[in-house]
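Scope of the values below: all heavy atoms of this structure, side chains included, with no hydrogens, waters or symmetry mates. What you see is a predicted model; the values in this text were computed from it and never measured.
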Amino acid sequence: MSERYDVIVVGSGAGGGIVAGELAEAGRSVLLFEAGPYKTAADYMRWEARATHEMWWPIAFAEPPRHDMPPLLMFRGRVVGGTTAINTKVALRPHDFDYDKWHAASGLTGETGEPFGAADLDPFFDRVEQRLGVRERNDWQKCVHTVAPAFDKLGAPLESVMSYTDVNCMRCGSCLQGCPTNAGKNTLNVYIQPALVENGLELKADCAVQRVVIADRGAGPEATGIEYLAPDGELHSAAADVVVVAAGALGTPGLLIRSGIRETAGHTPSSELIGRTLGFHPARLVEGLFDEVQDAHMVYPITAHCMAFASDEAGGYVVEASTIQDPIGFATALSDEHGAPVWGQELVDAMRKYRYFTGLLTMVSDENNGAVWVDEHGNDRYSYAFNEREQKRIDDSLRFATDVLKEAGARRVYHTGVLSTHVQGSCRMGSDPQRSVVDANAQSHDIKRLFIGDSSVVPQTMSVNPSLTIMALASRLASYLQSGDHGYFEAPAPVGAAA
């Protein structure tokens with residue numbers, strides 16, 4: 001294998017997988033790194049414990065602002081395809097008010113100099129949606145029909161979701177363990193695998209990138225490559241004209257900090273912002289026990305959603321239906337109406353009624369008051385500190401979901417603690433270096449040839465599931481890199497020509 005490339009991409013999820021796949025298809029030499037294993041649909045099965053061990057990072061904990069408060073649990077994929085390989089495939093575009101927040105947070109502008117908006121990203125949404133085969137899902141199952149009338153009665157109806165799944169979806173519920181029929185689209189089966197087979201993309205799975213190599217070759221600091229640990233534990237290096245870090249909103253800040261970006265940049269405001277604006281989309285599962293079997297574990301997990309409260313003015317949260325955790329997650333996370341963990345005989349009784357539960361997922365728009373940092377031992381650390389507005393949205397969303405389940409006939413309502421699967425915004429994209437880490441093309445304000453291509457760049461937490469937006473931003477980044485406008489290499493062909 002060559003150890004010099006046009007582009008090195010660190011991370012194969014919603015961002016990195018698309019950047020690597022599209023650039024390889026356009027003729028670039030690309031080396032893609034993934035800390036997790038390479039697995040395909042042939043390896044996937046409905047085995048919760050195995051998937052959690054093999055395809056997910058260990059649960060990360062955001063530390064609370066006070067010792068008497070619980071940590072916030074964060075979940076993410078660790079496999080080729082990243083979290084897209086084990087998520088629920090919801091495909092939503094931001095609202096106009098989401099874009100307004102982006103500009104307010106970081107001064108982000110588009111190519112015309114106007115505030116960045118739908119016109120800047122819609123062409124890339126179009127391209128990604130076509131490639132993924134996004135479609136509307138109306139095939140609701142019993143557990144959704146159980147709760148839908150209650151949403152209607154409370155004046156906030158459910159709507160069908162848009163989803164990147166094809167007609168081979170059997171509604172088996174195994175999305176979080178990987179789709180065994182390949183009906184669930186992800187960056188592996190749509191972007192990475194074709195590029196591996198047909199376009200010369202090189203993949204190093206089970207390899208942990210340790211740092212981005214920075215050098216000054218006379219024109220200021222530049223990214224020249226990376227150092228990584230191979231599966232045998234040996235340290236290796238690889239060089240490239242451009243480095244794209246896409247290790248996720250939790251992984252990217254620590255990698256940049258350990259690479260010495262702040263010191264190299266002289267502790268500029270943009271370098272000091274690395275990791276300082278982490279958003280969570282704080283979520284919780286609210287679960288109702290019914291008299292009839294619901295089988296909410298045998299669905300495509302996010303089947304419908306209520307968007308009536310999506311804007312901050314309306315409430316600042318979304319409620320998704322209908323889903324339930326697999327048994328281990330359900331048992332370990334179940335709390336009663338007062339937030340106390342359920343255990344002993346009550347937990348045994350609840351587990352015996354597992355098939356009679358259906359659940360709602362609440363998802364809150366937060367204000368990016370979390371942080372990522374590296375401690376004195378070199379370990380990534382995380383924290384959260386919800387303000388009064390954020391906490392009110394969290395409380396209101398729980399109250400509404402509880403009301404829905406009770407209105408639908410639930411005999412008892414439980415819920416989980418607050419958690420996150422949609423971390424965003426820890427390395428903001430913006431046109432103002434005082435308020436952002438990377439510019440409008442996702443290039444570091446401080447280090448040339450260094451780009452960020454994941455959820456880190458989202459300037460402010462969105463009101464919708466973020467994966468499709470991350471993909472559109474990644475396709476936009478790939479287009480910019482391939483254009484050659486940066487001067488780092490020339491473009492042999494338009495991005496997406498092989499799509």
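Look at R381 and E376 and you find no salt bridge, because none of the NZ, NE, NH1 or NH2 atoms lies under 4.0 Å from a carboxylate O. A salt bridge between E272 and R276 is present, with a side-chain N of the basic residue lying under 4.0 Å from a carboxylate O of the acidic one. Salt bridge annotation for D395-K392: absent, with no cationic side-chain nitrogen under 4.0 angstrom from a carboxylate oxygen. In this structure, K101 pairs ionically with D312, as a charged nitrogen and a carboxylate oxygen lie closer than 4.0 Å. Between R258 and D380 there is a salt bridge, with a side-chain nitrogen of the basic residue lying less than 4.0 Å from a carboxylate oxygen of the acidic one. D326 and R46 are joined by a salt bridge, as a carboxylate oxygen and a charged side-chain nitrogen come within less than 4.0 angstrom of each other. Taking the charged nitrogens against the carboxylate oxygens, R135 and E129 have no contact shorter than 4.0 Å, which rules out a salt bridge. A salt bridge does not link E54 to R78: none of the charged side-chain nitrogens sits closer than 4.0 Å to a carboxylate oxygen. Between D166 and K185 there is a salt bridge, since at least one side-chain N of the basic residue sits less than 4.0 Å from a carboxylate O of the acidic one.
L289 and K353 make their closest contact through CD1-CB, 3.6 Å (heavy atoms, listed as atom of the first residue, atom of the second, distance). Among all heavy-atom pairs drawn from S322 and V144, the shortest one is CB-CG2, 3.7 Å. The nearest pair of heavy atoms linking V245 to L256 is CG2-CD2, 4.2 Å. Closest approach of P253 and C427 over heavy atoms only: CG-SG, 4.0 Å. Residue Y38 comes nearest to D43 through the heavy atom pair O-OD2, 4.5 Å, listed as atom of the first residue, atom of the second, then distance. Heavy-atom minimum distance, V79 versus S12: O-OG, 3.6 Å.
A donor-acceptor pair is defined here as one N or O able to donate and one able to accept, closer than 3.5 Å; no such pair exists between the side chain of S271 and the backbone of A265. Of the possible polar contacts, none joining the R171 side chain to the V299 backbone as a donor-acceptor pair under 3.5 Å is found. Here the side chain of Q294 pairs a donor or acceptor atom with the backbone of E292 at under 3.5 angstrom. In this structure, S106 contributes its side chain and R428 its backbone to no donor-acceptor pair below 3.5 Å.
The closest side-chain donor-acceptor pair between N189 and T40, if any, does not fall under 3.5 angstrom. No donor-acceptor contact under 3.5 angstrom links the side chains of Q424 and N368, judged on distance only. In this model, no donor atom of one side chain and acceptor atom of the other lie less than 3.5 Å apart for T461 and S365. Side-chain contact annotation: Y164 with S467, donor-acceptor N/O pair under 3.5 Å present. A side-chain donor-acceptor contact under 3.5 Å links R137 and T165. No hydrogens or angles considered: nothing links the side chains of H103 and T109 as a donor-acceptor pair under 3.5 Å. For the 3.5 Å distance criterion, the side chains of D139 and Y300 qualify, holding a donor opposite an acceptor. Side-chain contact check for D349 and Q345: at least one donor-acceptor pair (N or O, by modelled atom type) lies under 3.5 Å. D98 and Q460 are not linked by any side-chain donor-acceptor pair at a separation below 3.5 angstrom, with hydrogens and angles left out of the test. Judged by distance alone, the side chains of S463 and H95 do bring a donor and an acceptor atom under 3.5 Å apart. A donor atom on one side chain and an acceptor atom on the other are not found under 3.5 Å apart for Y354 and R352. No side-chain donor from either of T358 and E287 sits under 3.5 Å from a side-chain acceptor of the other.
Note: Y228 and F33 meet the aromatic proximity criterion, with ring centroids under 6.0 Å apart. Between F400 and F309, the distance from one ring center to the other falls under 6.0 angstrom. Centroid-to-centroid, the aromatic rings of F330 and H297 stay 6.0 Å apart or farther. In this structure, F97 has its ring center no closer than 6.0 Å to that of Y99.
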Verdict with supporting geometry, D295 and Q141, side chain to side chain donor-acceptor pair (under 3.5 Å):
CA-CA 9 Å; D295 279 340; Q141 289 163 271; over 6 Å; no

Could you walk me through whether S431 and F116 pass the side-chain contact (heavy atoms from CB on, under 4.5 Å) test, one step at a time?
CA-CA 10 Å; S431 301; F116 191 96; over 6 Å; no

side-chain contact (heavy atoms from CB on, under 4.5 Å) between T362 and E320, worked out
CA-CA 6 Å; T362 65; E320 298 182 324; over 6 Å; no

In sequence, state the C-alpha distance, the side-chain angles, and the governing distance for Y384 and Y382, and then conclude on ring-ring contact (aromatic ring centres under 6.0 Å, His included).
CA-CA 7 Å; Y384 76 92; Y382 319 100; over 10 Å; no

Would you check, one step at a time, whether the test side-chain contact (heavy atoms from CB on, under 4.5 Å) holds for E390 with V364?
CA-CA 8 Å; E390 294 169 306; V364 170; 5.7 Å; no

Chi angles and distances behind the side-chain contact (heavy atoms from CB on, under 4.5 Å) call for F125, L468
CA-CA 8 Å; F125 275 117; L468 192 71; 3.8 Å; yes

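Counting heavy atoms from C-beta on, the side chains of I86 and Y44 never come closer than 4.5 Å. In this structure, P466 and S455 have side chains that are not in contact, with every pair of non-hydrogen atoms separated by 4.5 Å or more. Proximity of L450 to I261: side-chain heavy atoms (C-beta onward) are separated by under 4.5 Å at one or more points. Counting heavy atoms from C-beta on, the side chains of M55 and Q177 never come closer than 4.5 Å. In this structure, L285 and L360 have side chains that are not in contact, with every pair of non-hydrogen atoms separated by 4.5 Å or more. Between V404 and V319 there is no side-chain heavy-atom pair separated by less than 4.5 Å.
Remark: K153 pairs with E407 by the side-chain contact (heavy atoms from CB on, under 4.5 Å) rule, at least two apart or across chains.
Counting non-hydrogen atoms of other residues, nucleotides and ligands closer than 6.0 Å to NE2 of H53 gives a total of 12 or fewer.
With a 6.0 Å cutoff to the six-membered ring centre and a 45° limit on the axis angle, R131 counts as a cation-pi contact of Y191.
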